[in-house]
There are 2 protein chains.
Amino acid sequence: MTTQTIADRRSRRLDQILTAAWAIATEAGLGAVSLHEVARRVQMQQPSLYGYVSSKLDLFDAMFAQAYEQLLSRLDAVPPAGNAREQLLQLSRTVLDFVVDNPPRQQLLFQRTIPGFEPSPASYALARRLTDRCAGLLAALGADTPAHLEVYTAVLAGLGSQQVANDPGGDRWTRHLEAMLAIFIDHFVPPEP
Amino acid sequence: MTTQTIADRRSRRLDQILTAAWAIATEAGLGAVSLHEVARRVQMQQPSLYGYVSSKLDLFDAMFAQAYEQLLSRLDAVPPAGNAREQLLQLSRTVLDFVVDNPPRQQLLFQRTIPGFEPSPASYALARRLTDRCAGLLAALGADTPAHLEVYTAVLAGLGSQQVANDPGGDRWTRHLEAMLAIFIDHFVPPEP
DNA sequence: GTCTATAACGAGATAGAC
DNA sequence: GTCTATCTCGTTATAGAC
């Protein structure tokens with residue numbers, strides 16, 4: 001069947017489009033992404049993009065989904081090592097590095113800053129997979145309430161947000177991850193017997 | 001002299017312009033603010049705005065400065081009560097409420113998300129006044145290193161960011177402010193003699 | 001200080017040929 | 001699936017009259 005290779009071509013094209021979109025976001029900000037500029041970079045005419053995305057917000061949704069897929073596969077790349085506490089630390093570091101390394105990711109995945117954008121159910125399911133993973137590790141530590149998850153995500157979001165906004169490229173905030181998680185665990189998590 | 005009233009008229013006009021800009025941001029997001037829409041709302045022609053702001057980024061700078069002035073005056077409205085710890089708590093609550101009450105404020109004041117925008121020196125000085133105030137209270141608690149300030153701001157930014165992104169209008173994150181500050185102080189601040 | 005007029009450009013989206 | 005052509009609308013910004 002040629003269907004396979006046709007689907008492959010299609011998906012490679014879509015990949016090019018998403019790569020171009022992320023490049024624009026990296027260079028000029030997420031708000032600077034436009035279909036015209038994306039088309040220019042992938043050497044297509046702008047209307048041709050509508051064969052791959054149905055609107056600009058749909059493009060953002062595809063970017064959202066792709067980023068979560070990348071992040072999740074990055075989490076799966078390293079086999080879980082150590083106890084729940086060490087796994088939570090490693091997961092947190094991976095997520096934090098992921099968004100700080102590329103501020104538009106922080107903006108698209110964790111902040112609601114694009115007028116009109118809301119992830120589709122399919123994309124939101126990917127976001128849930130990350131949340132569930134965090135919740136699972138927290139539960140293994142005995143931190144199994146919504147409040148625990150909220151505080152934990154606030155710590156991660158706070159470090160990422162401040163790092164990106166006030167010291168891009170540096171580590172003035174990310175360096176505090178371990179200390180803050182340790183404090184969080186010590187205070188909120190019941191000691192193991 | 002009529003100079004006084006002329007300056008007053010001017011400043012009232014500018015106030016109308018900023019009010020309209022904030023209204024747009026509140027309704028449709030900071031990225032949706034345009035000079036045309038502002039002009040429509042204040043019943044002026046769009047080119048006339050250039051008598052008050054010199055560019056769109058200059059408008060954002062004026063919004064930035066105005067918001068910081070409002071926040072600082074809100075902090076001054078209530079006389080400092082209690083010890084440094086209680087004052088820090090009150091200040092934090094005021095700041096957090098201020099940005100959560102109006103998400104574009106969070107975006108403009110504490111996140112770097114508008115392509116090309118950077119506060120002018122004068123506006124940045126206002127931001128510094130807030131930082132200095134926090135640093136002063138932290139120092140009074142014995143938390144006088146940059147690291148202390150970084151962790152403190154991460155806590156505040158994290159709660160605000162998550163609240164605005166995931167539960168606008170609610171309190172799923174802001175309700176944890178007191179608990180998180182207490183933990184922060186207990187862990188980072190040397191106990192008083 | 002405010003207006004009209006307009007430049008110069010860009011955006012998102014659709015129609016229809018090939 | 002990709003193109004050309006085009007619609008429609010928007011934007012920031014400037015020139016110059018009043």
Side-chain angles (χ1 to χ4, degrees), chain A residues 1-21 23-25 27-64 104 108 113-118 120, chain B residues 1-21 23-25 27-64 113-118 120:
Chain A
M1 293 247 286
T2 56
T3 314
Q4 187 61 42
T5 68
I6 287 174
D8 275 5
R9 283 175 68 92
R10 226 193 110 76
S11 115
R12 254 177 295 148
R13 260 297 205 205
L14 183 56
D15 248 40
Q16 288 177 7
I17 289 167
L18 291 174
T19 301
I24 297 165
E27 294 165 23
L30 204 55
V33 173
S34 75
L35 297 179
H36 273 99
E37 182 60 25
V38 169
R40 259 170 241 130
R41 297 197 182 208
V42 297
Q43 317 232 55
M44 294 173 83
Q45 295 302 314
Q46 173 258 346
S48 305
L49 294 178
Y50 284 82
Y52 298 89
V53 291
S54 63
S55 71
K56 190 184 178 181
L57 289 180
D58 190 44
L59 171 64
F60 280 123
D61 192 57
M63 294 170 74
F64 181 97
L108 186 61
T113 178
I114 309 248
F117 171 68
E118 224 172 338
S120 63
Chain B
M1 293 247 289
T2 57
T3 314
Q4 187 61 42
T5 69
I6 288 174
D8 276 6
R9 283 177 67 92
R10 226 192 110 76
S11 116
R12 254 176 296 147
R13 259 297 204 205
L14 183 56
D15 247 40
Q16 287 177 7
I17 289 167
L18 291 174
T19 301
I24 298 165
E27 293 165 24
L30 204 56
V33 173
S34 76
L35 297 179
H36 270 102
E37 183 59 26
V38 169
R40 257 171 243 128
R41 299 197 181 209
V42 298
Q43 316 232 57
M44 294 172 82
Q45 296 303 313
Q46 172 257 347
S48 304
L49 294 178
Y50 284 82
Y52 297 90
V53 291
S54 62
S55 72
K56 189 184 178 180
L57 289 180
D58 189 46
L59 172 63
F60 280 124
D61 193 56
M63 294 170 73
F64 181 97
T113 178
I114 307 248
F117 172 68
E118 223 171 339
S120 63

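The chains referred to below are lettered A, B, ... by the order of the sequence lines, with proteins before strands, and numbering in each begins at 1. The analysis underlying the following values was restricted to heavy atoms, covering all of them including side chains, and did not include hydrogens, waters or symmetry mates.
- In this structure, of dT12(D), dG12(C), dA5(C), it is dA5(C) that holds the atom nearest to the side chain of Pro47(B).
- A distance of 8.5 Å separates OG of Ser48(A) from CD of Gln46(A), quoted to the nearest 0.5 Å.
- Contact annotation: Arg13(B) reaches the phosphate of dT2(C) (side-chain N/O to OP1 or OP2, under 4.0 Å).
- In terms of phosphate contacts, Arg10(B) brings a side-chain nitrogen or oxygen within less than 4.0 Å of OP1 or OP2 of dG1(C).
- Between Leu30(B) and Met63(B) the shortest side-chain heavy-atom distance falls below 4.5 Å.
- What separates CD of Glu37(A) from P of dC9(C) is a distance of 16 Å, to the nearest Å.
- A salt bridge links Glu27(A) and Arg41(A); the closest N-O separation between the charged side-chain nitrogens and carboxylate oxygens is under 4.0 Å.
- The distance between atom CG of Leu14(A) and atom P of dT2(D), rounded to the nearest whole Å, is 11 Å.
- Along DNA chain C, the nucleotide closest to Gln45(B) and the one closest to Gln46(A) are compared, and the more 5′ of them pairs with Gln45(B).
- Here dA13(C) presents its C1' atom at 18 Å from OH of Tyr52(A), a figure rounded to the nearest Å.
- Straight-line distance from the CD atom of Gln43(B) to the C1' atom of dC3(C): 15 Å, rounded to whole Å.
- Separating the CE atom of Met44(A) from the P atom of dT4(D) is a distance of 12 Å, rounded to the nearest angstrom.
- The side chain of Tyr50(B) has dT14(D) as its nearest neighbour among dT14(D), dT2(D), dC3(C).
- Following rounding to the nearest Å, Leu49(A) (CG) and dT4(D) (P) show an atom-to-atom distance of 13 Å.
- For the OP1/OP2 pair of dG1(D) and a distance below 4.0 Å, the side-chain nitrogens and oxygens of Ser48(A) include no atom meeting the criterion.
- A heavy-atom distance below 4.5 Å is not found between the side chains of Tyr52(A) and Leu59(A).
- Between the side chain of Asp58(B) and the backbone N or O of Val53(B), no donor-acceptor pair lies under 3.5 Å.
- Between dT11(D), dT2(D), dA15(D), one nucleotide has an atom nearer to the side chain of His36(B) than all others, and that is dT11(D).
- In this structure, the CG atom of Leu57(B) is 16 Å from the P atom of dT11(D), given to the nearest Å.
- Listed nucleotides dT11(D), dG1(C), dA13(C) differ in distance to Ser55(A); the shortest reach to its side chain belongs to dA13(C).
- Residue Leu35(A) contributes atom CG, which lies 15 Å from atom P of dT2(D) at whole-angstrom precision.
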